Amino acid sequence: GGIIGKVSKNTTLDSCYNSFAGKISSKGTYLGGLCEINEGKIINCTVSNFGSGVDDYLGGICGLNKPGGIIETCSIADKIVTGRNVVGAITAENFGTIKNISLSNASLKVAGIATGDKDGVAGLFAAYNGKTGVIELNNDLVNVNVKSSGKYVGAVAGINEGTIENKKTAATDNTIANNIVISGKVEGLYDVGGLVGKNNDLDMTHKVLHYTNNATIISETGNAGGIIGDNNSNNTIEYCVNNAVVTSTVGNAGGITSK
């Protein structure tokens, strides 16, 4: 990691930033702008331009956020995170909690060289949000840009099997006036969505609530959705709106989800 290899339990990384004058390399699986693995707490940190087109399992903050790990009140503004497969502007894989993140003009560029089920997976918060992973969204995603030559691409997560929760809008709000708004552009090979590329969350108690997509969504060879590219879940979708162009050259395309 750019600051430390591992943030252990009961350890806090606070107000850190790496200018990346040099190059970070690792013999392990994960690569992170601040740390490879987080089991503790990372707060008030920022992401700089980081990564290259040959890096796998790369995160702008950390490579792997393990169960119990917390990433909170961090920000990405006018920066580009670059990788090849399983790349996230915050973390590559999330099994902990990510909350109160601020994104503005943040970009994610992923080469997506085919290596298996996770080639090219990309999401600003996490490429892969695992079953124990929790992503709490408190702010709009302003003019974000996610571009991958691979599959499973979303502004928040490429693949979701955990919890993505809107914390900006009151649960009792029955309007779309206070929705979280996603603006910019999300582009990939297939299963491309404004919120999530492929949603595999099978918990029927979870709902997809109060999102407005203003981002252009483009899928080259497969499914595309304004909110979710491929909704392979039992989730209910309510109070969601798409105001942007959703395009699939070959495959299904829908304003909210492809299917």
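In this text, all values refer to a predicted model and were calculated from it rather than measured experimentally.
Between Leu137 and Val156, some side-chain heavy-atom pair lies under the 4.5 Å cut-off. Between Tyr17 and Cys45 the shortest side-chain heavy-atom distance does not fall below 4.5 Å. When side chains are defined from C-beta on, Asn200 counts as touching Ile159, because their heavy atoms get closer than 4.5 Å. Residues Asn199 and Ile228 are in side-chain contact: their nearest non-hydrogen atoms beyond the backbone lie under 4.5 Å apart. Looking only at side-chain heavy atoms (C-beta outward), Thr12 and Ile43 come within less than 4.5 Å of each other. With a 4.5 Å cut-off on side-chain heavy atoms, Ile98 and Val134 do not count as touching. Counting heavy atoms from C-beta on, the side chains of Lys6 and Glu36 never come closer than 4.5 Å. Here the side chains of Thr91 and Tyr128 are not in contact, with every heavy-atom distance at 4.5 Å or above.
How far CD1 of Ile37 is from CG of Asn65: 10.5 Å, rounded to the nearest 0.5 Å. Taking CD of Glu72 as the reference point, atom OG1 of Thr97 lies at 9.5 Å (rounded to 0.5 Å). To the nearest 0.5 Å, atom OG of residue Ser233 and atom NZ of residue Lys198 are 10.0 Å apart.
Annotation for Asn129 and Ala157: closest pair CB-CB, 4.5 Å, computed over non-hydrogen atoms. Residue Ala224 comes nearest to Ser248 through the heavy atom pair CB-CB, 4.3 Å, listed as atom of the first residue, atom of the second, then distance. For the residue pair His206 and Thr163, the shortest heavy atom distance occurs at CE1-OG1, 3.0 Å. Closest of all the heavy-atom pairs between Leu209 and Asn166 is O-ND2, 3.3 Å. Taking every heavy atom of both residues into account, Ser75 and Thr46 meet most closely at OG-CG2, 3.2 Å. Counting all heavy atoms, side chain and backbone alike, Lys79 lies closest to Ile76 at CB-CG2, 4.1 Å.
Ionic pairing of Lys168 and Asp140 is present here: one or more N-O contacts between side-chain nitrogen and carboxylate oxygen are shorter than 4.0 angstrom. With salt bridges taken as basic N to acidic carboxylate O contacts below 4.0 Å, one links Lys66 and Glu39. Salt bridge annotation for Arg84-Asp56: present, with a cationic side-chain nitrogen under 4.0 angstrom from a carboxylate oxygen.
In this structure, the side chain of Asn94 does not engage the main chain of Ala126 through any donor-acceptor pair within 3.5 Å. Side-chain atoms of Asn234 come within 3.5 Å of backbone atoms of Leu202 as a donor-acceptor pair (strictly under, hydrogens ignored). Side chain of Thr169 to backbone of Asn178: a donor-acceptor contact under 3.5 angstrom is found. Thr212 places no side-chain N or O within 3.5 Å of a backbone atom of Val241 that could act as its donor or acceptor partner. Judged by distance alone, with hydrogens and angles left aside, the side-chain atoms of Asn85 form a donor-acceptor pair with the main-chain N or O of Gly120 at under 3.5 Å. Side chain of Asn179 to main chain of Val181: no donor-acceptor pair is present (N/O by atom type, distance under 3.5 Å, no hydrogens or angles). Of the possible polar contacts, one joining the Thr132 side chain to the Phe95 backbone as a donor-acceptor pair under 3.5 Å is found.
In the hydrophobic clustering of this structure, Ile61 groups with Ile4; members are Ile, Leu, Val, Met, Phe, Trp, Tyr whose side-chain heavy atoms approach within less than 4.5 Å, directly or through other members. Transitive grouping of hydrophobic side chains (ILVMFWY, heavy atoms separated by less than 4.5 Å) brings Ile237 and Leu141 into a common cluster.
For CG of Asp14, the number of neighbouring non-hydrogen atoms (other residues, nucleotides, ligands) closer than 6.0 Å is greater than 12.
Checked by atom type, the side-chain pair Thr73/Asn44 shows a donor-acceptor distance below 3.5 Å. For the 3.5 Å distance criterion, the side chains of Asn174 and Tyr239 qualify, holding a donor opposite an acceptor. Under 3.5 Å, the side chains of Ser52 and Asp55 contain a donor-acceptor pair of N or O atoms.
Ring geometry for Tyr152 against Tyr190 counts as perpendicular: the plane angle is over 60°, on a 0 to 90° scale with 30° as the lower cut.
Across Ile90, Leu13, Leu34, a single residue satisfies side chain to side chain contact (heavy atoms under 4.5 Å, CB included) together with Ile71, and that is Ile90.
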Show me the donor-acceptor pairs within less than 3.5 Å that the side chains of residues 213-220 make with the rest of the protein, sequence neighbours left out.
unit_1, atom_1, unit_2, atom_2, d
Asn213, OD1, Ala215, N, 3.2
Asn213, ND2, Ala215, O, 3.0
Asn213, ND2, Gly226, O, 3.4
Asn213, ND2, Asn242, OD1, 2.8
Asn214, OD1, Asn243, ND2, 3.0
Ser219, OG, Leu189, O, 3.0
Ser219, OG, Gly222, N, 3.1
Ser219, OG, Gly222, O, 2.8
Ser219, OG, Asn223, O, 3.4

Can you list, pair by pair, the side-chain donor-acceptor contacts under 3.5 Å of residues 99-110, counting residues two or more places apart and other chains?
unit_1, atom_1, unit_2, atom_2, d
Asn105, OD1, Asn143, ND2, 2.6
Asn105, ND2, Asp78, OD1, 3.1

